[in-house]
There are 2 protein chains.
Amino acid sequence: MRAIGEAAGVLSGSLYHHFDSKEAMVDELLATYFEALLGRYNEIIEAGRPPLETFREMVYVAFDTIEQHRAATRTLQNEGRYFAALPRFAYLKDRERTIEELWIGIIKSGKASGAIRSNLDPRTVYRFARDGIWVAARWYKPTGKLTHRDLADQFLTILLAGIAAPTTE
Amino acid sequence: MRAIGEAAGVLSGSLYHHFDSKEAMVDELLATYFEALLGRYNEIIEAGRPPLETFREMVYVAFDTIEQHRAATRTLQNEGRYFAALPRFAYLKDRERTIEELWIGIIKSGKASGAIRSNLDPRTVYRFARDGIWVAARWYKPTGKLTHRDLADQFLTILLAGIAAPTTE
DNA sequence: GTCTATAATTTGATAGAC
DNA sequence: GTCTATCAAATTATAGAC
């Protein structure tokens, strides 16, 4: 709390005028992140475009939202397990399940339309997509030459087409 | 330290007979992990098999080593950034760079031999491969039906061939 | 090699003046 | 809305008995 106060330009005691506890600060941070992410996912899905296009847009939104909510994603990555175990943060599991269902729905549509390979398990595809996006947030520095859009494109290239040359078995 | 002592069946004070500090415990944990991982990577590379076979074996070894060193990988994931900043743990960056060079060497060989698509940046391929493996360790439970070998196979399937159906585009 | 007891610091939080 | 001053608990580490 002392460090947070210093970053905010006040002493630690002053923070308690704005937040009941340290947990309350984390709560607002994480709730805001999930609200933003889910809102944008729903927008995209409601547009009703073809599955692979929707999938692509969702990847863009994920990278973009992670960039805009770095404190929340860093907290989730480093201490998500700890907070998720607290009663106050029970909603985290709900949010994550909702997000998983949105992705899996799109992946299933993709399989049904023939856009996504039929031999893949939707949940596994979701997990590897989510993980690849998620961990990129660890090393991605917005100050570099690579925008989050570039990063998303590289990721999508590999995820959609794989790394093996088509001529190779 | 009290929790560690409890897990070890002794009181916290007794731990200092075996380790100089809490940091020293983490140090041994992480050093052992990197020694094991690098040793196995080198074995595989020295076998001199074709790039894609070597790549595949390295993925297997990565999943296997993560499973065998769960405390080390969990520590690295949750607090790697903190420890890496301490002088005592300066070697972590060296180890990670060495590992990156091993992977990138194999990926470049794969591109040269035509086994890996020529339009991919080796460093980007490395990062997404590493990240996918790395994060799978977060949700993979060795008690489930899925062995780490199964997990590695699913990961390799997606990474090598992508998720898009060949007939599309 | 483990225990008891305790030192020294850090940390989340509070009360009340301004 | 911020500050001063402080509390209470937690945490890493140490000294010395057994």
Side-chain angles (χ1 to χ4, degrees), chain A residues 1-37 66 68-96 134 137-138, chain B residues 1-37 66 68-96 134 137-138:
Chain A
M1 293 300 280
R2 284 165 178 79
I4 293 168
E6 193 176 355
V10 295
L11 289 181
S12 64
S14 307
L15 297 171
Y16 289 87
H17 177 76
H18 306 277
F19 295 93
D20 287 342
S21 64
K22 193 180 182 184
E23 262 184 40
M25 297 183 70
V26 175
D27 201 349
E28 183 163 322
L29 195 68
L30 301 187
T32 302
Y33 164 75
F34 277 109
E35 194 181 358
L37 185 59
I66 282 172
Q68 286 178 29
H69 296 257
R70 297 189 76 75
T73 51
R74 182 64 60 82
T75 301
L76 279 171
Q77 287 182 354
N78 289 354
E79 299 173 280
R81 199 174 293 264
Y82 169 75
F83 287 114
L86 303 178
R88 171 170 202 155
F89 292 92
Y91 71 89
L92 290 178
K93 280 183 191 121
D94 299 332
R95 298 288 180 284
E96 281 169 4
W134 193 237
R138 284 186 171 264
Chain B
M1 294 301 281
R2 282 167 177 77
I4 293 168
E6 193 176 356
V10 296
L11 289 181
S12 64
S14 306
L15 295 172
Y16 289 88
H17 178 74
H18 305 278
F19 295 93
D20 287 342
S21 64
K22 193 182 182 184
E23 263 184 39
M25 297 184 70
V26 176
D27 201 348
E28 183 163 322
L29 195 69
L30 301 187
T32 302
Y33 163 75
F34 277 109
E35 193 180 359
L37 185 60
I66 282 171
Q68 288 180 27
H69 295 258
R70 295 188 78 75
T73 50
R74 182 64 59 83
T75 302
L76 278 171
Q77 287 182 355
N78 289 356
E79 298 174 281
R81 199 174 294 263
Y82 169 75
F83 286 114
L86 303 179
R88 171 172 201 153
F89 291 92
Y91 71 90
L92 290 178
K93 280 182 191 124
D94 298 332
R95 299 287 180 283
E96 281 169 6
W134 194 236
R138 285 186 171 264

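What you see is a predicted model, and the numbers here were worked out from it, not measured in a lab. Lettering of chains follows the sequences in order, A, B, ..., and the numbering in each one begins at 1.
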Task: Euclidean distance, atom CG of residue B/D20 to atom P of D/dA15 [Å, nearest integer] - done: 12 Å
Open item on the list: Measuring from atom CZ of B/F83 to atom CG of B/L29, what distance do you get when rounded to the nearest 0.5 angstrom?
Closed with: 9.5 Å
TODO: Specify the separation, in whole Å, of atom CG of A/L15 and atom P of D/dC3.
DONE: 9 Å
- [ ] Kindly say if A/H18 contacts the phosphate of D/dT2, meaning a side-chain N or O under 4.0 Å from OP1 or OP2.
- [x] yes
Task: Whole-Å distance separating the CZ atom of A/R88 from the P atom of C/dG12 - done: 15 Å
Open item on the list: Would you say A/S14 places a side-chain N or O within less than 4.0 Å of OP1 or OP2 belonging to D/dC3?
Closed with: yes
Task: Approximate separation, where rounding is to 0.5 Å, of B/E23 CD and B/F89 CZ - done: 5.0 Å
- [ ] Measure from the side chain of A/L11, starting at C-beta and using heavy atoms only, and say which of D/dA13, C/dA13, D/dC3 lies closest.
- [x] D/dC3
Open item on the list: How many whole angstroms separate atom CE of A/M1 from atom C1' of C/dT14?
Closed with: 12 Å
Open item on the list: Between A/R2 and A/V10, which residue's closest nucleotide on DNA chain D lies nearer the 5′ terminus?
Closed with: A/V10
Task: B/Y16 vs D/dT14: side-chain N/O to OP1/OP2 distance below 4.0 Å - done: no
Task: Nearest listed nucleotide, side chain of A/H17, among C/dC3, D/dG1, C/dA13 - done: D/dG1
Task: Steps toward side-chain contact (heavy atoms from CB on, under 4.5 Å) verdict (A/H18, A/E28) - done: CA-CA 11 Å; A/H18 306 277; A/E28 183 163 322; over 6 Å; no
- [ ] Report the distance from atom CD1 of A/I4 to atom P of C/dA13, rounded to the nearest whole Å.
- [x] 10 Å
Open item on the list: Rounding to an integer number of Å, can you tell me how far A/F19 CZ sits from D/dG1 C1'?
Closed with: 14 Å
Task: Value rounded to 0.5 Å, distance of CZ in A/R95 from CG in A/L76 - done: 12.0 Å
